[in-house]
Amino acid sequence: MTGPMRAGRGRAWGRTWGWALMLALVALPVAGCSGTAPTAKGDGQGEGGRRSATIPVTIATADGSHRFAVESARTAAEQQQGLMYRTDLKPDGGMLFAPYPPDGTGPREASFWMKNTPTSLDILFIRADGTIARIAENTVPFSEAPVASGEPVAAVLELVGGRSAELGISEGDKVSWPH
């Protein structure tokens, strides 16, 4: 703690503060171990400790099908937050923005950015028929440059950067999920 010591509290106050700080530091790891159990649908961990259910997403490629367990962003608030601040992404995780836009007036052209997003992502823009219109691979963390779909889309899927190339996912491949 910085700043002058308050009059009348002296050494006793300093010892009390020290014990309180020590207890807080000991309790912190314990508090991190507790929490809400995952839902039956998934184990996604959202910002601020919020648990998010996951949904299965399958991408059919020329090399076969690839399955992901992704968080679902359906509301305007969830889509605005996206994967900002997240560092806990799994190779077969991510986030599906569906419907896009959340008010159901789509399909329409989408524009995303990487503001406050510390992890590089592959952003897959998905047409109404489920085919991938565009893949923005390995987006730059924290960038505020717009990443546009280039055409109207009905959904957007964010995966860990590099996964599309690693798995042979290409534009035109088919994406499916339970609606």
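Heads up: numbering here begins at 1 and tracks the sequence.
- What you find for Tyr100 and Gln79 is that their closest heavy atoms are CD1-OE1, 3.5 Å.
- Closest non-hydrogen pair, Ala154 versus Pro107, comes out as N-CB, 3.9 Å.
- Ring pair Phe97/Phe112 is perpendicular by interplanar angle, where above 60° counts as perpendicular and below 30° as parallel.
- A distance of 10.5 Å separates CG of Leu124 from CZ of Arg134, quoted to the nearest 0.5 Å.
- Ser72 and Glu78 get closest at one heavy-atom pair: O-OE1, 3.9 Å.
- Arg67 CZ to Ile59 CD1: the interatomic distance, rounded to the nearest 0.5 Å, is 12.0 Å.
- With hydrogens and angles left out, the side-chain atoms of Thr61 and Asp63 include no donor and acceptor closer than 3.5 Å.
- At least one donor-acceptor pair closer than 3.5 Å links the side chain of Lys174 to the backbone N or O of Asp129.
- Shown here for Ser149 and Phe125, the closest heavy-atom pair between the two residues is CB-CD2, 3.3 Å.
- One finds no salt bridge joining Glu158 and Arg86 here, because no Lys/Arg side-chain nitrogen approaches an Asp/Glu carboxylate oxygen to under 4.0 Å.
- Rounding to the nearest 0.5 Å gives a distance of 12.5 Å between CG of Leu159 and OG1 of Thr119.
- Ion pairing between Glu151 and Arg127 holds under the 4.0 Å rule for side-chain N and carboxylate O.
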Decide side-chain hydrogen bond (donor to acceptor under 3.5 Å, both in side chains) for Thr105 and Asp103; before the verdict, give the C-alpha distance in whole Å, the side-chain angles of both, and the deciding distance to 0.1 Å.
-> CA-CA 6 Å; Thr105 60; Asp103 62 10; 2.7 Å; yes
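- With hydrogens and angles ignored, the 3.5 Å screen pairs a side-chain donor or acceptor of Arg163 with a backbone N or O of Pro91.
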Evaluation steps, side chain to side chain contact (heavy atoms under 4.5 Å, CB included), between Ile169 and Asp122 | CA-CA 11 Å; Ile169 298 170; Asp122 286 351; over 6 Å; no
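- Summarising the geometry, atom CD1 belonging to Ile123 is positioned 11.0 Å from atom CG belonging to Asn138; distances are rounded to the nearest 0.5 Å.
- Scanning both residues, Asp173 and Ala62, for their nearest heavy atoms gives OD1-N, 4.4 Å.
- Atom CE of Met114 sits about 6.0 Å away from atom OG of Ser120, to the nearest 0.5 Å.
- What you find for Met84 and Trp113 is that their closest heavy atoms are CE-NE1, 3.9 Å.
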Please lay out, stage by stage, how Val70 and Met95 fare under the test side chain to side chain contact (heavy atoms under 4.5 Å, CB included).
-> CA-CA 5 Å; Val70 302; Met95 183 170 280; 5.6 Å; no
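- We find the CG-OG1 distance between Leu96 and Thr54 to be 11.5 Å, quoted to the nearest 0.5 Å.
- Side chain of Thr117 to main chain of Lys115: a donor-acceptor pair is present (N/O by atom type, distance under 3.5 Å, no hydrogens or angles).
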